[in-house]
Structure formats: structure tokens, C-alpha cells
Visitor: 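This structure is in C-alpha cells; I'll ask about it shortly.
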Amino acid sequence: MDTFSIERITKITDDIVEAAQRLALQLHSPNQGTITPEYLEKMVSNPDHYWLVARTDEGRIIGMASLFIMRVPTNIRSSLENVVVDEASRSLGIGHALHKKAFEIADEQGVNTLRTATWKENTAVKSMLAELGFEIDTDLTYYEGDIHQGARF
């Protein structure tokens, strides 16, 4: 693979469903659910959600990321979630390109803050995020509350 492009998904096709299912397994999420075309359609129909994929020149999807724009009374924020690059395509700059594209979209949408997360042990991603200008926010602690266990969609 020599080159790839980053695009926003707005229409669900069989190859996109297959790629989402394949790549989601590599996220190792404990809340992994069943990815269906119907669920993906709901996801991409949200105008404040930007589902980005990295695609080879041959058309194979080798990475994905979800950017959410959130308008709250005091700010316009965004969150970059579920960033994953196919194991066979890592270290080729795809993760960097997905993050950079998300940053550009967020800027175009007037976002003030872009947040993302990675596992503490993922030194490669932490290094890439620092290179892109992300900093660890030591002023905030995030809490998560489980609303429902298991797949919901």
C-alpha cells in the first residue's frame, strides 16, 4: 500500500459494514456490540457526527475514527472516539492522518476543545498525540457510569 485517503462516511454499504465489524474487534472494547447496517445508518445520519475512514487506493478501509461535535451553553467541544488502524497497516501514518483530519473538521466547525483518549500503556499513540499538540489535561478527572452492561444495538 502506497497511499490512502481519509473520507467522511455518509452512506452505509456492505464494505463499510464489514470494515466497521473488522476494525471494531481490534479496539478490544468490553462493550463491543453487534454492528448492523441499521445502527451505522443512525450513526451517520447525525449531522454532528463525522465518521472518518482511511481507505487505500484499492478501496480497502484500513482505519476509522468517530468525531462528535457537542454544542453546550459555554463552549463548542468535540470528542474523538474509537480511533483504530488495522493491525497490518499500523506505523504508516494512518492514525496521524485520522487525528489531523478530525482536528481540521473540528476547527472548521468552530470547536474550541478536541478531546481524545488512549490506554495508559499505548506509548505510540501518546507520542503521536503529543506531536499533534495534544496535552494531558491534569485539571480534570473524568468519571464514567455504566448505564447498561452488554450490547444495546
Side-chain angles (χ1 to χ4, degrees), residues 1 3-122 124-125 128-129 132 134 140 142-153:
M1 179 197 71
T3 60
F4 60 90
S5 59
I6 306 294
E7 64 185 73
R8 180 183 185 186
I9 298 298
T10 57
K11 186 175 189 302
I12 301 304
T13 59
D14 290 342
D15 70 317
I16 291 168
V17 175
E18 178 278 324
Q21 292 169 341
R22 174 176 42 84
L23 292 170
L25 290 173
Q26 296 179 45
L27 287 169
H28 307 291
S29 171
N31 294 322
Q32 183 64 47
T34 303
I35 296 173
T36 65
E38 295 79 19
Y39 178 78
L40 296 176
E41 284 289 349
K42 285 181 184 178
M43 193 175 77
V44 300
S45 68
N46 179 345
D48 290 326
H49 177 250
Y50 295 77
W51 189 24
L52 306 175
V53 299
R55 191 185 294 266
T56 66
D57 290 343
E58 296 79 31
R60 181 168 168 80
I61 296 174
I62 53 174
M64 67 179 182
S66 288
L67 174 68
F68 297 91
I69 308 295
M70 297 166 279
R71 288 164 176 81
V72 296
T74 59
N75 204 348
I76 302 175
R77 296 184 180 173
S78 59
S79 180
L80 187 58
E81 306 283 339
N82 289 168
V83 180
V84 62
V85 175
D86 194 356
E87 288 175 336
S89 301
R90 292 185 183 158
S91 300
L92 299 174
I94 297 162
H96 187 277
L98 286 165
H99 280 83
K100 188 174 178 190
K101 182 65 174 178
F103 206 95
E104 291 169 3
I105 292 169
D107 188 39
E108 290 169 4
Q109 294 298 314
V111 168
N112 294 314
T113 306
L114 173 59
R115 291 193 175 125
T116 192
T118 190
W119 296 104
K120 290 179 183 179
E121 300 83 18
N122 197 337
V125 170
M128 177 198 65
L129 291 174
L132 287 166
F134 286 84
L140 295 173
Y142 289 92
Y143 297 88
E144 290 186 2
D146 287 333
I147 296 170
H148 178 81
Q149 293 295 317
R152 219 181 206 183
F153 51 93

Visitor: How close do Ile35 and Ala24 get, counting heavy atoms only, and between which atoms?
Guide: CD1-CB, 3.5 Å
Visitor: For the residue pair Met43 and His49, establish whether any side-chain heavy-atom pair is separated by less than 4.5 Å.
Guide: yes
Visitor: Which is it for Asp86 and Arg60 under the side-chain contact (heavy atoms from CB on, under 4.5 Å) test, yes or no, and what are the steps along the way?
Guide: CA-CA 11 Å; Asp86 194 356; Arg60 181 168 168 80; 3.4 Å; yes
Visitor: Just jot down the side chain to side chain contact (heavy atoms under 4.5 Å, CB included) partners of Ser79, sequence neighbours excluded, or say none.
Guide: Met70, Glu81
Visitor: List the residues meeting side chain to side chain contact (heavy atoms under 4.5 Å, CB included) with Phe134, not counting sequence neighbours, and say none if there are none.
Guide: Phe103, Leu114, Thr116, Leu129, Leu132
Visitor: For Val17, is there any backbone N or O sitting under 3.5 Å from a side-chain donor or acceptor partner on Arg22?
Guide: no
Visitor: Which heavy atom of Leu98 sits nearest a heavy atom of Gly63, and at what distance?
Guide: CD1-C, 4.1 Å
Visitor: Atom CG in Leu80, atom OH in Tyr50: separation rounded to 0.5 Å?
Guide: 13.5 Å
Visitor: Using a 3.5 Å distance criterion without hydrogens, assess whether the side chain of Ser78 forms a donor-acceptor pair with backbone atoms of Thr113.
Guide: yes
Visitor: What I'd like to find out is whether the side chain of Ile9 reaches to under 4.5 Å of the side chain of Arg55, using heavy atoms alone.
Guide: yes
Visitor: Roughly how far, to the nearest 0.5 Å, is the NE2 atom of His96 from the OG atom of Ser91?
Guide: 13.0 Å
Visitor: Examine the side chains of Thr3 and Asp57 and answer whether a donor and an acceptor come within less than 3.5 Å of each other.
Guide: yes
Visitor: Check whether Arg90 reaches the backbone of Val85 with its side chain - one donor and one acceptor, N or O, closer than 3.5 Å.
Guide: yes
Visitor: Any idea which heavy atoms bring Ala54 and Ile6 closest together, and the distance?
Guide: CB-CD1, 3.6 Å
Visitor: Using a 3.5 Å distance criterion without hydrogens, assess whether the side chain of Gln26 forms a donor-acceptor pair with backbone atoms of Glu87.
Guide: yes
Visitor: For the residue pair Ile62 and Ile94, establish whether any side-chain heavy-atom pair is separated by less than 4.5 Å.
Guide: yes
Visitor: Can you measure from OG1 (Thr36) to CD1 (Ile12) and round to the nearest 0.5 angstrom?
Guide: 9.5 Å
Visitor: Would you indicate whether the side-chain heavy atoms of Val84 and Met64 approach each other to under 4.5 Å?
Guide: yes
Visitor: Output yes when a side-chain donor or acceptor of Asn122 lies under 3.5 Å from a complementary backbone atom of Val125, and no otherwise.
Guide: yes
Visitor: Between Thr10 and Val44, is any pair of side-chain heavy atoms under 4.5 Å apart?
Guide: no
Visitor: Is any side-chain heavy atom of Trp51 closer than 4.5 Å to a side-chain heavy atom of Leu40?
Guide: yes
Visitor: Could you tell me whether Arg71 and Asp48 have a side-chain N and a carboxylate O separated by less than 4.0 Å?
Guide: yes
Visitor: Roughly how far apart are Leu67 CG and Arg8 CZ, rounded to 0.5 Å?
Guide: 9.0 Å
Visitor: Under the side chain to side chain contact (heavy atoms under 4.5 Å, CB included) rule, collect the residues that match up with Asn112, sequence neighbours excluded.
Guide: Asn75
Visitor: Do Ile76 and Gln109 have side-chain heavy atoms sitting under 4.5 Å apart?
Guide: no
